[in-house]
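Below is one structure, written out as structure tokens; the observations come after it.
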Amino acid sequence: MSELRVRFAPSPTGYLHVGGARTALFNYLLARQSGGTFVLRIEDTDTERSTQESVDAILDGMAWLGMRPDEGPIYQSERFEHYKSKVQQLLDEGNAYRCYCTPEELDAKREAAMKAGEKPKYDGTCRNREDQPTGQAHVVRFKAPLDGETCFNDKIKGNICFQNTELDDLIIQRTDGTPTYNFVVVIDDAEMKINLIIRGDDHINNTPRQIQLYRALGYDVPEFAHVPMILGSDKKRLSKRHGATSVMAYRDMGYLPEALTNYLVRLGWSFGDEEIFAFGDLLEKFSLDNVGKSAGVFNPEKLLWLNAHWIKNGNSARLARLLKEYLDEKGVDTTDGPNLVMVVESLQERAQTMLEMADGAVFYFTPEVEFDPAAEEKFFKSETKPVLECCRKHLSALGDYNHDAIEGCMKAVMEELGLKFGKIGPVLRVALVGGTQSPSIYHVVEVLGKERVMARIERALTRF
RNA sequence: GUCCCCAUCGUCUAGCCCGGCCUAGGACACCGGCCUUUCACGCCGGCGACGGGGGUUCGAAUCCCCCUGGGGACGCCA
């Protein structure tokens, strides 16, 4: 096969959702691993519903996931004149005809057919019409073959055949002169030399019509690979009522792009028992051969687990930059706080999302921590005051605040007081973070540094 | 309703094409235990599936047929 050319062709009527992102990822991966070309085409022939905001949202989502098109975005709305000439070509060659039936008539016929238990399809009223009044409103329909069958060998689903009697004469140009999806998708894929079309399997039913169009237009028919749908927990097609479906919503919730990518590609595709795939692994291992045929249920828990994994194993400097963004969004000022990389390292193992990490990091940047009433009552009592005072004494004498030194310092406190760590750590923790949950206390002391630690102990001592 | 697609633990899946190695493997979730200064991480263990019925075969999760179930499409949306 010649160089692979694939495409992602979303319609800009909303944000980039996880289903679209997955098919885009499949296309992108295949292009990248074979040195092929990934084209982005915006299917905006529905001028009513297409918006620039949606185009931007889709571009943002793709950029966040790291997908850069090699060609495009190409806008179909800029090619209307060209499509018109193709309609004319079909008309001239007798492969299309004008249809004057009104939408109301069509609706009535459709309903009647449904009621009669038949497949609702255009009855061909105008197909053999002799007169062609020019001033009258009309659409243009493709003159589809009446018998025989149309088959294709899907790279994922295998051989699929449709009886041509099941298909009707589809509209290729609307009353307002704009072309329709099934028509332009064929022209563009053919002219952009797309040789493998990877898309959702809800397009399987459109494929035979499109193949007929390829033939009528004199184009080579490309290969197809129909990817199974993503379903919600109720096994219905995934939609907003199942929860977040927008790719960028996952960013906002604190997910890492590599986690979403890992999850989305793994959903419906597998490589033995492996679960963790970095982008490089996917490049090396992804193949259409291992894509399953059945639809898959979107499982937020597994995505969350993967996200925790990628946070745990992420580069702390990079995570620190990301954490700052989430902290900024929360209105937490990090300018005079402790070192962000150290903050990340203390929280990496216990955060499932970056948002969770940000929540857990707030105390580092809050000089006047808010004391949890229950914790305060339990640990700030007259008998624990000496404990905190002893911590103050030893920690103020300590010069180098590194983990081992701090641990040694606390040992000295334990020895002097004759107490176990369990009687000391919690008191110091409440004094430094305000509550009973935090990273290891040694880490907290180290990350905070001497100046902040001393200030917080002083402040806590006033609460007894 | 008609057409198309699909069918292994609750979920994602391995195994299926080239039947025996499957008393069906892994992962998420869940339950128990260990570790532990808190919360987590981690580790160990447990629960849990071949939709049903017919064939073919010495032998079927694997091959064939029917049924059932689920999904999708049926638009002057894409």
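Not measured: the values here are computed from a predicted model. Reminder, nothing fancy here: chain letters follow the sequence lines and each chain counts from 1.
- Distance A:R199 CZ to B:rG72 P: 17 Å, rounded to the nearest Å.
- When the options A:D372, A:V362, A:I441, A:V444 are evaluated for a side-chain contact (heavy atoms from CB on, under 4.5 Å) with A:V433, the one that passes is A:V444.
- Contact annotation: side chain of A:T180 to base of B:rC76, donor-acceptor pair absent below 3.5 Å.
- Side-chain atoms of A:D44 come within 3.5 Å of backbone atoms of A:S77 as a donor-acceptor pair (strictly under, hydrogens ignored).
- A glycosidic torsion no more than 90° from 0 defines the syn conformation; B:rC63 lies beyond that range and is anti.
- For A:Q437, the side-chain atoms get nearest to B:rU38 when compared with the rest of B:rC76, B:rA78, B:rU38.
- Rounded to a whole Å, the CD atom of A:E274 is 12 Å from the C1' atom of B:rA27.
- In this structure, B:rC16 makes no Watson-Crick or G-U wobble pair, since no nucleotide meets both defining distances under 3.5 angstrom.
- Atom NE2 in A:H203 sits roughly 14 Å away from atom C1' in B:rG75 (whole-Å rounding).
- Under 3.5 Å, the side chains of A:K378 and A:T436 contain no donor-acceptor pair of N or O atoms.
- Note on A:K293: a side-chain N or O is less than 4.0 Å away from OP1 or OP2 of B:rC6.
- Here the nucleotide nearest the side chain of A:R110, chosen from B:rC76, B:rC5, B:rU37, is B:rC76.
- A salt bridge does not link A:K393 to A:E389: none of the charged side-chain nitrogens sits closer than 4.0 Å to a carboxylate oxygen.
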> A:K155 and A:D289: salt bridge (charged side-chain N to carboxylate O under 4.0 Å, His left out), yes or no, with the steps?
Replying inline: CA-CA 8 Å; A:K155 299 269 273 181; A:D289 298 340; over 6 Å; no

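- Within 4.0 Å of A:C161, counting heavy atoms only, lie sugar-phosphate atoms of the nucleic acid but no base atom.
- Across every non-hydrogen atom of A:N307 and A:Y255, the tightest pair is OD1-CA, 3.3 Å.
- Pairing for B:rA7 goes to B:rU68, judged as Watson-Crick or G-U wobble with the two contacts each under 3.5 Å.
- Counting only heavy atoms from C-beta on, A:R350 has its side chain closest to B:rC39 among B:rU37, B:rC39, B:rC3.
- As judged by a 4.0 angstrom heavy-atom cut-off over every strand, A:K236 is placed among residues touching the sugar-phosphate backbone only.
- Each of A:R98, A:R141, A:K121, A:R127 was scored for a salt bridge (charged side-chain N to carboxylate O under 4.0 Å, His left out) with A:D169, with one residue passing: A:R127.
- With 3.5 Å as the limit, one finds a donor-acceptor pair spanning the side chains of A:D56 and A:Q52.
- Rounded to an integer number of Å, the gap from A:F142 CZ to B:rG75 C1' is 18 Å.
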> For nucleotides 11-19 of chain B, read 5' to 3', which letter fits each nucleotide if B means a protein heavy atom sits under 4.0 Å from the base, S means only the sugar-phosphate is that close, and - means neither?
Replying inline: BBSS-----

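- Counting any heavy atom pair closer than 4.0 Å across all strands shown, A:D107 reaches no nucleic acid atom.
- Considering only side-chain atoms of A:K312, the nucleotide from B:rC3, B:rC76, B:rC41 that sits closest is B:rC41.
- Atom pair A:Y75:OH and B:rA78:C1' shows a separation of 17 Å (rounding to whole Å applied).
- Each of B:rU37, B:rA78, B:rC5 was ranked by its minimum atom distance to the side chain of A:F421; first place goes to B:rU37.
- B:rC77: no Watson-Crick or G-U partner with both key distances under 3.5 Å is found in any strand.
- Comparing atom distances between the A:P120 side chain and each of B:rC76, B:rC74, B:rA78 picks out B:rC74 as nearest.
- Residue contacts shown for A:H226 are absent, as no nucleic acid heavy atom lies under 4.0 Å away.
- In terms of position on RNA chain B, the residue among A:T175 and A:R237 whose nearest nucleotide sits closer to the 5' end is A:R237.
- Closest to the side chain of A:E349, from the set B:rA29, B:rC6, B:rC41, is B:rC41.
- In terms of position on RNA chain B, the residue among A:M229 and A:T45 whose nearest nucleotide sits closer to the 5' end is A:M229.
- Side-chain contact annotation: A:Q210 with A:D189, donor-acceptor N/O pair under 3.5 Å absent.
- In this structure, B:rG32 and B:rC44 make a Watson-Crick or G-U wobble pair, each of the two defining distances being under 3.5 angstrom.
- Across the P atoms, B:rC76 and B:rU68 are found 32 Å apart, a figure rounded to whole Å.
- Here A:P439 lies in heavy-atom contact (under 4.0 Å) with a base.
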